[in-house]
Every structure is written in C-alpha cells, then in structure tokens.
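The structure under discussion appears below in the form of structure tokens.
Chain letters run A, B, ... following the sequence lines, proteins first and then strands; every chain starts at 1.
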2 protein chains.
Amino acid sequence: MFTLAEENYLKAIFHLEHEFQGEVSTNAIAESMETKPSSVTDMIQKLAEKKLLTYKRYKGVQLTAEGKKVAANVIRKHRLWEVFLVEKLSFHWDQVHEIAEQLEHIQSEELIIRLDKFLGSPEFDPHGDPIPDKHGVLKRTEKKLLSEIDKNQKGVCVGVKESSPEFLQYLDKKKISIGTKIRVLGKEFFDGSMIIQVGSEQFFISHKIAENLYVQTQE
Amino acid sequence: MFTLAEENYLKAIFHLEHEFQGEVSTNAIAESMETKPSSVTDMIQKLAEKKLLTYKRYKGVQLTAEGKKVAANVIRKHRLWEVFLVEKLSFHWDQVHEIAEQLEHIQSEELIIRLDKFLGSPEFDPHGDPIPDKHGVLKRTEKKLLSEIDKNQKGVCVGVKESSPEFLQYLDKKKISIGTKIRVLGKEFFDGSMIIQVGSEQFFISHKIAENLYVQTQE
DNA sequence: TTCTATTTTTAGATTAGACTAAAAATTATA
DNA sequence: TATAATTTTTAGTCTAATCTAAAAATAGAA
C-alpha cells in the first residue's frame, strides 16, 4: 500500500502536528527524521500528489484525513507491538522501540486485529502512550509534565515524553515506572530542579528529567 | 546487516540447493524468485563479493558456510513466526506464509531468542517443515512423498511440499493435516493417482496431490 | 565436430529515495 | 523599506534493485 519511507514520513508529521499545533515545516520534518530538507521536499510533494497531505510551497504541510488515518495506523501497530514485546516476550521498556520501528511496517490487517485481541485490546503502550483505536482515534488523557506541578502536590507517573534507553534506564535506577506515585517536596525556580519523594526515598531531579515525565495529579 | 533483497536471494538459493543437490543455476533462481535472469546475475555478483556464495561465470552458484548461516537464520525466523501466528494468534496454516515473509526480515537477535522461548522452542513449523536451530542446522527427518509409498502401506502425514493456500485448503476439505494417518488402498500406475483411506473415509487423489504430501511410514 | 538452441552475462535505462550545491522565497533586522 | 539571514525549493548526482535488448558462452543435435 505505502512504502516504508512514506509511512515513516506520515508518522513523523503526525507526531509533529500533535507537538506543535498547525502546519509542520520542512525543516522540522527534516530534523525529526534526521534527514535533509531537500529530501523532505521531494517526499512531501509525492505525498501531496497522493492526497495524504496538503502542501503549498514554502508554507509547510498538513495531513489530510486519509494521511492521519494512515499515520495513526502505523502508530497503532508500533504501540501494539511494544505491548507484545514487553508483556509476552518480557522485554524491558527501554529495549522495545527499535524493534517496534520495524514491526510497525508489517502489512496485514488481520494480523493487527488478532494481535490486539491476543493482548487484550490494551489502551496504552509500555511508555504510557495511548494506542490509537482501529479508526485512528487517539484517546485524550489529561496528563501534565512533572515540571508543571507545584510544590507539595503529588501525581502518578502515567508516561514519558522521551523514551530513549538512557532516560528509561535512569528512571529504573530511581525506581520510577508507570503507576509510581511521586510527591514534589521542593522546587527551585532558578533552574527548575526539584526534590521529589518516590516511595520512601527522597532525591533531587533536574528540570530535564521533570519535563520528560508525565503525571496525572489526583484531587 | 543484509538488505531485504539479499536475504531473499540467499533464502531462495538455500532452498534450491536442498531441492536439487549441487550448484544452482541463474535461471533456476530467477524462476523461483519470479524475476529476470539478468537481475539474478547482478545480485549473485554482489553476494559473491560479500563472500556469501561462490560464483564462476556461466557455472551457477553455491552458498558459502556464511551464506548458509544467513539463509538458515532467515528461514528459522520465518518458521518461528509461522508457529507464533498459528499457535498464539489462531491463524490457519494457509494464512501465515505471506505475513511470515515480512516478519522474517525483522532484525533483532534478542527478539528471536525470546520468541523461540515463548513458543517453547518448537522443532517444526505449521506445515511440518523443520525449524533450523540457532546455528543454522536443519534437523534431518526421514520423510517420503506419499506418491513414493506402496499399496497397502500406511504413513502419518508429517508435512507438505507445497504450501499454497489452495493446496492447504484442499487438504482441510479432505480432513488431512499434520499427524493424520493415511493408508494407500490402491495405486494407478498409468497416472500415479491413488485411492487412500483417511479416518473412516476412502477417496481418490491425483498424483499431483500425492507428490506434495510428506509422510513417515511406520514399521 | 559444427551448427543451433539455450543459458547466462553485459550494457544501458528506470525508479525510489537520498544527497550536495545553488537558486528562490520568506522572514527578520537595521 | 532595503538588506541580511533563514528557510525552502530546484537541479543534478548517487546507489540499490530492477528491467529490456543484445552479446557471449555453453550445451545439445545432426
């Protein structure tokens, strides 16, 4: 149906549209895909011809309904496979991204229907990211970055913004995973660093950590 | 490590070496891959440079130890995924080949180690074909084609030579699957057709069917 | 053994996707 | 508003993998 390269572009644009609302620039796509802007121009012209996105020269792109559907489906597959790898094959959450990058391109509707059922139709992947449903609809969740919550508030970790092995391994070392309760004991306004409580431990985290952890605050 | 095209060539050559002992001709490869002989020549020259096979112009090719290892590993992955699809996702044995053709190219040693363990280290795929071990060694089995066995002998179906959906669906209709006991009641020398007994049913099968079914005869 | 048929290889073209370098358009600044 | 800086596009090149058409080598038949 679509080539590997096309699917990867659509996926990247989909993510960028969510991160920054509105049109997505050529440069932003190039950066997120670690490729050159000229290559991006080539590809978005091809995707525009296929009506997967709208494109006006120098004005960036926007996915069409069809483009969004294709992208969401790739993301659905990626996240379902991540659940499979963690739940069934006992991979650790920092090991699954690269493998899922490959598995997300396997073409078979039936496979995904059955995989989803086999996994019990999960709603979130191992990093806490929501899995689009079969129509490409993403469930909205009201999560905040840990960096946005105030002193003395507490929240439950529900996901990570970045999911590099390095970051995930840091979280493991600190015994933070999805479901972990975190209380903010102190917050430094100068650099955004925090003292937090996790279980019985209290420790310092930098702003960089706090702005990559999603929490849900509880009333 | 290797491209999709390279892996597919190695796999095809590996199968051809087993089917007909000795060197494999350019034409044979082209036919089995549904491509042109000139394309095959290009690719085998590249594979020869990478020392995956030995090649002398006009003389056909032979896989090196390294080439065999790579090919067997692709086949191992294909067959393990087929077991997964049938055993875990309840696919039918005639639906899994095409999907496994894609899954066999997923690159991750760890994935295959874990998948194998998850499946209980199976020795055969759903069509009765042996799964190469992690070193690329194929277990030898003494199976015969049904067409080779004599009147009044009986055997257990242990595999199929061809595994097209059409053939597998024919077998289903006749209630033949792996493990089914078959007795040859009659054999026509003119066209190789047979009357066989399967369970309480007796029926006619053509030579074409008989030469695509593997059985193990029992003493 | 010589000629013919077949098989295999070479040469040259094509396509997808990427790249570099340079041109064009847009945005920011003085 | 003119100029500088930045972003984006175009033009042309490259590689992997394929193809067609033609040439070369091998095998088979008289």
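The distance from atom CD of B/E23 to atom P of C/dT7 is 17 Å, rounded to the nearest whole Å. Counting to the nearest Å, the C1' atom of C/dT9 and the OH atom of B/Y58 are 4 Å from each other. Rounded to an integer number of Å, the gap from B/K50 NZ to D/dT15 C1' is 12 Å. As rounded to whole Å, 9 Å separates atom P of C/dT8 from atom CD1 of B/I29. Here C/dT20 presents its C1' atom at 13 Å from CG of A/D42, a figure rounded to the nearest Å. The distance between atom OH of A/Y55 and atom P of D/dT8, rounded to the nearest whole Å, is 10 Å. Whole-Å rounding puts the B/M1 CE to D/dA16 P distance at 16 Å. Atoms CG (B/L47) and P (C/dT9) sit 13 Å apart, rounded to a whole Å.
With distances taken from any side-chain atom of B/N27 to the nucleotides D/dA27, C/dT7, D/dT10, the minimum falls on C/dT7. Taking only side-chain atoms of B/Q45, from C-beta outward, the nucleotide of C/dA16, C/dC19, C/dT9 with the closest atom is C/dT9. Side-chain proximity of B/T3 to D/dA16, C/dT9, C/dA18: nearest is D/dA16.
The closest donor-acceptor contact from the side chain of A/T41 to the backbone of A/P37 lies under 3.5 Å.
On a pure distance criterion of 3.5 Å, no polar donor-acceptor pair joins the side chain of A/T26 and the base of D/dT9. Donor-acceptor pairing under 3.5 Å, judged by distance alone, is absent between the side chain of A/T41 and the base of D/dT10.
Where B/K59 and A/K36 each meet DNA chain C at their nearest nucleotide, the meeting point lying more 5' is that of B/K59.
Within the cation-pi definition used here (under 6.0 Å to the ring centroid, within 45° of the axis), A/R79 does not qualify as a partner of A/F124. A cation-pi arrangement is absent between A/K161 and A/F167, since the terminal nitrogen or guanidinium carbon is not both under 6.0 Å from the aromatic centre and inside a 45° cone about the axis.
In this pair, A/W81 and A/F84 present their aromatic rings perpendicular. The plane angle is above 60°, beyond the 30 to 60° band.
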